[in-house]
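Note on naming: letters A, B, ... go to the chains in the order of the sequence lines (proteins, then strands), and numbering restarts at 1 for each one. Everything numeric in this text was worked out from a predicted model, so none of it was measured.
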Number of protein chains: 2
Amino acid sequence: MKSEERRELVLDAATQVFGESGYQGATTDAVARAAGVSQPYVVRMFGTKEALFLAVVQRALDKLLAAFRVELAAGDDPAECLGRAYVGLLADRGLLLSLMHAFALGTHPEIGALARRGMLEVYRMIREEAGLDADQAGGFLAHGMLINTVIAMRLGEADDPLASELLATVLSPESGRLAGLDETRLSS
Amino acid sequence: MKSEERRELVLDAATQVFGESGYQGATTDAVARAAGVSQPYVVRMFGTKEALFLAVVQRALDKLLAAFRVELAAGDDPAECLGRAYVGLLADRGLLLSLMHAFALGTHPEIGALARRGMLEVYRMIREEAGLDADQAGGFLAHGMLINTVIAMRLGEADDPLASELLATVLSPESGRLAGLDETRLSS
DNA sequence: GTCTATAGGGCGATAGAC
DNA sequence: GTCTATCGCCCTATAGAC
């Protein structure tokens, strides 16, 4: 299973690169360099750049849902559990950012379809498995999208007291259903 | 001032194209075709594709802030006014989507800097001019980011009852501080 | 001011050796 | 399975006519 490890290594690298630069902005060469392999090998492994991105997004969705289920299983308050799960996901910056880029490409035939399917599966899980009502679920997703945005735009690099206030508010447990987040996670 | 009209025409077209495909995904040729001019002319008018995108984003921010101020001036409840302002902005789909793509490129030297500056200016206005407290402002931005996301991913095209529920929840006045939104705006 | 023609560079993908 | 070499396309930007 050495080849399976190689594949995971490339997917990790691709997740980082796609998260930073987006689907069209990222190059297969940048992915290859980040993974320590040659550019043609990356293409050979997945066929096309598009197939590679789809694999990255699908894996990100799988990890997201898995992280939610792990926390929900060991938890009391579902909303608090989902918040905790988000903490772990923030450690892998590329994961949420790659998803965000996929969400932004709704007109792409395959990427858009996968993005919609993924978002609905997440919504279904926090509604049916976690048991949140529609308003709670919407609020949870809304705060998640804002967190994704402030991370993507690197708001922590802005030297402005209002930026600090916004970050603190977005990440504070009281602000929404996302408990347990602290600002130190954003500087990575 | 015929040339000024031409410039606005190209900026309108560019806003649509960048909103659909993102900064790297969009081509100056697509912008030119949408505007009915030649590709080299688009480049000549703005110098580079990057400068064109920056102009699009700056204009989008100006329009966003102007729309907020117009509604706030004639209004009672600030939160409700901001919600109404968002309705008008949704009519120009490319505007919010171009902003979203700019937010996603925080590592780009110029685009990232402009995105952070713009987001902070919006936050400053809803805090200081509209008078929302930090939690209200964060909630408003969060719901705005989720609305941007569901529009970008074309969730309305998903044939799923849960998709309808999510859309209805996100766009319903009770769900957040964004009053007056109706689902019909999303199909355009 | 606006076009046609085209240069120049980057990138995804392929061919083929090892 | 992984590499080096390279093709061919697309896209930004420039040159120059009108």
A.B. asks: About how many Å separate CZ of B:Arg69 and CE of B:Met125, when rounded to the nearest 0.5 Å?
C.D. replies: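 It is 4.0 Å, given to the nearest 0.5 Å.
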A.B. asks: Take the protein atom CE of B:Met45 and the nucleotide atom C1' of C:dG1, then report the distance between them rounded to whole Å.
C.D. replies: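 B:Met45 atom CE is separated from C:dG1 atom C1' by 10 Å.
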A.B. asks: Polar atom pairs between nucleotides 9-14 of chain D and protein, under 3.5 Å, N or O only, would you list them?
C.D. replies:
{"unit_1": "D:dT12", "atom_1": "OP1", "unit_2": "B:Ala26", "atom_2": "O", "d": "3.4"}
{"unit_1": "D:dT12", "atom_1": "OP1", "unit_2": "B:Lys49", "atom_2": "NZ", "d": "3.0"}
{"unit_1": "D:dT12", "atom_1": "OP2", "unit_2": "B:Thr28", "atom_2": "N", "d": "2.9"}
{"unit_1": "D:dT12", "atom_1": "OP2", "unit_2": "B:Thr28", "atom_2": "OG1", "d": "2.8"}
{"unit_1": "D:dA13", "atom_1": "OP2", "unit_2": "B:Lys49", "atom_2": "N", "d": "2.9"}
{"unit_1": "D:dA13", "atom_1": "N7", "unit_2": "B:Gln39", "atom_2": "NE2", "d": "3.1"}
{"unit_1": "D:dA13", "atom_1": "N6", "unit_2": "B:Gln39", "atom_2": "OE1", "d": "3.0"}

A.B. asks: Please answer whether the main-chain N or O of A:Asp133 pairs with a side-chain N or O of A:Gln136 as donor and acceptor at a distance below 3.5 Å.
C.D. replies: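 Indeed, once roles are kept as given, a pair shorter than 3.5 Å links the two residues.
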A.B. asks: Can you check the A:Arg33 CZ to D:dC3 P distance for me, whole Å?
C.D. replies: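 Rounding to the nearest Å, CZ of A:Arg33 and P of D:dC3 are 14 Å apart.
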A.B. asks: I'd like to know if B:Phe46 and B:Val43 are part of one continuous hydrophobic network [Ile/Leu/Val/Met/Phe/Trp/Tyr, side-chain heavy atoms within less than 4.5 Å].
C.D. replies: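 No, B:Val43 and B:Phe46 fall in different hydrophobic clusters.
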A.B. asks: Return a table of donor-acceptor pairs under 3.5 angstrom between the side chains of residues 52-67 of chain B and protein atoms on other chains or two or more places apart.
C.D. replies:
{"unit_1": "B:Gln58", "atom_1": "NE2", "unit_2": "B:Asp62", "atom_2": "OD1", "d": "3.1"}
{"unit_1": "B:Arg59", "atom_1": "NH1", "unit_2": "B:Glu8", "atom_2": "OE1", "d": "2.5"}
{"unit_1": "B:Arg59", "atom_1": "NH2", "unit_2": "B:Asp12", "atom_2": "OD1", "d": "2.7"}

A.B. asks: Ignoring hydrogens and angles, state whether a donor on the side chain of A:Gln24 or B:Tyr23 is under 3.5 Å from an acceptor on the partner side chain.
C.D. replies: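 Result is no, nothing qualifies.
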A.B. asks: Which whole-number value in Å describes the distance from A:Phe53 CZ to C:dG12 P?
C.D. replies: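 So the two atoms are 13 Å apart, to the nearest Å.
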A.B. asks: Just how far, in rounded Å, is P of C:dG1 from CZ of B:Arg7?
C.D. replies: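 From B:Arg7 CZ to C:dG1 P: 12 Å.
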A.B. asks: Between the main-chain N or O of A:Glu157 and the side-chain N or O of B:Arg116, is there a donor-acceptor pair closer than 3.5 Å?
C.D. replies: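 No, because the side chain of B:Arg116 does not come within donor-acceptor range (under 3.5 Å) of the backbone of A:Glu157.
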